[in-house]
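First up is the structure itself, then whatever we jot down about it.
Just so you know, residue 1 is the first one in the sequence shown, and it goes up from there.
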Amino acid sequence: MIKIEHLVKNYGSNCAVDDISFEVKKGEIVGFLGPNGAGKSTTMNILTGYLSSTSGSVSIAGIDVLDNPLEAKKHIGYLPEQPPLYLDMTVEEYLIFNYNLKGCKLNRDKHLMEICDVVKIRDVYKRVIKNLSKGYRQRVGIAQALIGSPEVIIFDEPTVGLDPKQIIEVRNLLRNLGKDHTVILSTHILQEVQAVCDRIVIINKGRIVADELTENITRAVENNRRFNVKICGPQKEVLAMLRSRPGIVYAELLPQRDGDAYCYMIESEVGVDIRKSLFYTLAEKKWALIGLEAMGMSLEEIFIAIVDQANPSNKNKHERKNRRAGAEREVAKTIMENTGRSQGGEYSALFGDDDK
């Protein structure tokens with residue numbers, strides 16, 4: 001449905017998008033992520049025909065956006081970060097205006113009412129937009145993107161500024177839209193991507209550094225290797241035992257205490273489950289184990305690790321600041337290596353000898 005091939009966008013000497021390629025299939029919801037200045041908005045503006053590319057091509061439903069922009073835009077619904085609302089119009093007037101602007105051929109009243117039911121704004125249909133809450137304004141913005149039943153919907157930060165209840169409602173709406181539409185979602189809220197998207201594409205400094213199914217990343221995140229352990233025993237001896245134990249690559253004394261028990265953070269080797277053997281060792285030494293809690297890796301940690309892997313200057317700094325991040329780095333490296341292989345190894349230049 002969406003095909004981007006060797007896309008490049010230069011602003012003078014600054015390269016905002018540097019030879020990126022990926023496809024989005026029909027009915028797929030893709031999360032498009034990256035730090036500020038990574039090239040997300042530029043890519044989305046080129047997708048919608050708002051900007052032209054320096055080189056490369058973008059096609060929507062087989063139509064080249066640059067060669068035939070008007071025809072390509074008929075297949076696109078777009079919600080920018082700031083919804084393009086006319087505040088002095090009523091919701092009805094605004095949606096009719098967009099209906100006419102798009103040259104929609106569907107039965108107007110029936111079509112608009114169906115959209116209002118989908119985004120749940122029928123109860124404010126006659127109200128002036130400037131009198132609506134932030135959440136309702138966002139819904140009206142989504143409604144205008146749905147006019148004409150476009151096959152491709154592009155959302156840029158659709159839940160920014162919403163309260164928790166509104167965020168959940170918009171996420172449910174996005175999931176439902178994915179049943180009938182192809183959706184690209186750009187956001188900084190990574191839980192949103194994990195909850196809604198089928199696939200995640202991460203861009204950094206204008207280049208794609210990860211392209212992976214959300215379920216694969218979620219499985220990697222859930223493969224815990226770090227544990228918070230509470231042990232009653234002599235502090236120095238316990239820490240020395242943990243650090244020398246096979247299967248444990250890192251151990252650290254934490255500042256928290258639980259009665260006469262000290263808390264430790266331990267990290268195991270990849271593929272090694274040290275819980276049972278640790279229990280038996282502590283039992284032999286008569287050091288009571290009163291707590292063992294998995295410290296789950298979040299998608300935010302994986303995202304930071306991927307971005308740092310792609311920036312060698314940041315990677316060493318990150319490793320010095322967070323000596324416990326081995327698990328995230330391993331997951332990030334695996335994801336990035338898979339991305340490089342799937343796209344012909346074009347990202348190998350990002351890595352130095354140490355990463356290999």
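Smallest separation of non-hydrogen atoms from Val272 and Gly247: CG1-CA, 4.2 Å. Nearest heavy atom pair, residue Arg243 against residue Ala251, reads NE-O, 3.1 Å. Minimum heavy-atom separation, Leu95 to Gln144: CD2-N, 4.1 Å. The minimum heavy-atom distance linking Asp211 with Val201 is given by the pair OD1-CG2, 3.7 Å. Taking every heavy atom of both residues into account, Ile184 and Ile2 meet most closely at CD1-CD1, 3.5 Å. The shortest non-hydrogen separation linking Ala261 to Ile290 is CB-CD1, 3.3 Å.
In the hydrophobic clustering of this structure, Val128 does not group with Val119; members are Ile, Leu, Val, Met, Phe, Trp, Tyr whose side-chain heavy atoms approach within less than 4.5 Å, directly or through other members. Note on Leu278: it clusters hydrophobically with Leu253, by side-chain heavy-atom contacts below 4.5 Å among ILVMFWY residues. Hydrophobic clustering (ILVMFWY, side-chain heavy atoms < 4.5 Å, transitive): Leu106 and Ile76 are in distinct clusters. Hydrophobic clustering keeps Tyr50 apart from Ile63 (ILVMFWY residues linked when any side-chain heavy atoms are closer than 4.5 Å, directly or through intermediates). Cluster annotation: Ile147 is connected to Tyr86 through the hydrophobic network of ILVMFWY side chains, with a link wherever side-chain heavy atoms come within less than 4.5 Å.
For the pair Gln138 (side chain) and Gly135 (backbone), a donor-acceptor distance under 3.5 Å is absent. Listed for the Ser21 side chain is a donor-acceptor partner under 3.5 Å among the backbone atoms of His6. Judged purely by atom type and a 3.5 angstrom limit, Thr48 uses its side chain to pair as donor or acceptor with the backbone of Asn45. Side-chain atoms of Asn228 do not come within 3.5 Å of backbone N or O of Glu293 as any donor-acceptor pair. A donor-acceptor contact shorter than 3.5 Å links the side chain of Asn98 to the backbone of Tyr94. A donor-acceptor pair is defined here as one N or O able to donate and one able to accept, closer than 3.5 Å; such a pair exists between the side chain of Thr214 and the backbone of Cys197. Judged by distance alone, the side chain of Asn68 and the main-chain N or O of Asp64 form no donor-acceptor pair under 3.5 Å. The main-chain N or O of Asn10 is found under 3.5 Å from a side-chain atom of Thr54 such that the two form a donor-acceptor pair.
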Practice item. Check step by step if side-chain contact (heavy atoms from CB on, under 4.5 Å) holds for Arg171 and Ile167. Key: CA-CA 6 Å; Arg171 286 180 186 173; Ile167 288 174; 3.4 Å; yes
Check your understanding: Could you walk me through whether Asp117 and Glu114 pass the side-chain contact (heavy atoms from CB on, under 4.5 Å) check?
Key -> CA-CA 5 Å; Asp117 288 337; Glu114 287 174 349; 5.6 Å; no
Practice item. Please lay out, stage by stage, how Leu174 and Ile29 fare under the test side-chain contact (heavy atoms from CB on, under 4.5 Å). Key: CA-CA 9 Å; Leu174 293 177; Ile29 305 179; 5.7 Å; no
**Study point:** Chi angles and distances behind the side chain to side chain donor-acceptor pair (under 3.5 Å) call for Arg245, Thr281
**Key:** CA-CA 10 Å; Arg245 183 162 189 78; Thr281 299; 2.9 Å; yes
Check your understanding: Checking ring pair (Phe, Tyr, Trp, His ring centres under 6.0 Å) for the pair Phe32/Phe22: CA distance, chi angles, key distance, verdict?
Key -> CA-CA 11 Å; Phe32 194 46; Phe22 68 93; 5.8 Å; yes
**Study point:** Working for side-chain contact (heavy atoms from CB on, under 4.5 Å), residues Ile266 and Val249
**Key:** CA-CA 8 Å; Ile266 60 175; Val249 295; over 6 Å; no
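Judged by a 6.0 Å distance limit and a 45° cone about the ring axis, Arg139 is positioned over the six-membered ring of Tyr136. Geometrically, Lys9 engages Tyr11 in a cation-pi contact defined by less than 6.0 Å to the ring centre and at most 45° from the axis. Remark: Arg275 fails to qualify as a cation-pi partner of Phe227 under the 6.0 Å distance and 45° angle criteria applied to the six-membered ring.
Atoms OG and CG, from Ser57 and Leu66 in turn, are 9.5 Å apart once rounded to the nearest 0.5 Å. For the atom pair CD1 of Ile208 and CD1 of Ile203, the computed distance is 6.5 Å after rounding to the nearest 0.5 Å. Between atom CZ of residue Phe97 and atom CE of residue Met89 there is a gap of 5.5 Å, rounded to the nearest 0.5 Å. Here Ile154 contributes atom CD1 and Leu185 contributes atom CG; the two are 11.5 Å apart, rounded to the nearest 0.5 Å. For the atom pair CG of Leu242 and OH of Tyr264, the computed distance is 7.0 Å after rounding to the nearest 0.5 Å. The OG atom of Ser53 sits 10.0 Å away from the CD1 atom of Ile4 when rounded to the nearest 0.5 Å.
Side-chain contact between Tyr262 and Lys230: absent, with no pair of heavy atoms (C-beta onward) separated by less than 4.5 Å. Side-chain contact check for Arg137 versus Leu87: some heavy-atom pair is nearer than 4.5 Å. With a 4.5 Å cut-off on side-chain heavy atoms, Tyr250 and Met265 count as touching. You'll find the side chain of Val193 reaches within 4.5 Å of the side chain of Leu33, heavy atoms only. Residues Ile200 and Leu213 have side chains not in contact (no heavy-atom distance under 4.5 Å, counting atoms from C-beta outward). Residues Met241 and Lys285 meet the side-chain proximity criterion, which asks for heavy atoms closer than 4.5 Å. Side-chain contact between Tyr78 and Lys73 is absent, with no heavy atoms from C-beta onward closer than 4.5 Å. A 4.5 Å side-chain heavy-atom check between Arg108 and Ile96 finds at least one atom pair inside the cut-off.
Of the listed residues (Glu28, Glu212, Glu23), just one forms a salt bridge (charged side-chain N to carboxylate O under 4.0 Å, His left out) with Arg199, and that residue is Glu28.
Remark: Glu5 engages Lys3 in a salt bridge (Lys or Arg N to Asp or Glu O under 4.0 Å) (not counting sequence neighbours).
Electrostatic pairing of Glu92 and Lys126 counts as a salt bridge here, judged by a charged N lying under 4.0 Å from a carboxylate O. A salt bridge does not link Asp19 to Arg207: none of the charged nitrogens lies less than 4.0 Å from a carboxylate oxygen. Ion pairing between a basic and an acidic side chain is recognised when a charged N comes within 4.0 Å of a carboxylate O; Asp88 and Lys130 show such pairing.
Sorted by first then second residue, the salt bridge (charged side-chain N to carboxylate O under 4.0 Å, His left out) pairs that include residues 29-54, not counting sequence neighbours, number zero.
Classified by interplanar angle (parallel below 30°, tilted 30° to 60°, perpendicular above 60°), the ring pair His111/Tyr99 is tilted.
Summarising the local packing, OH of Tyr125 is surrounded by more than 12 heavy atoms from other residues, nucleotides or ligands at distances under 6.0 Å.
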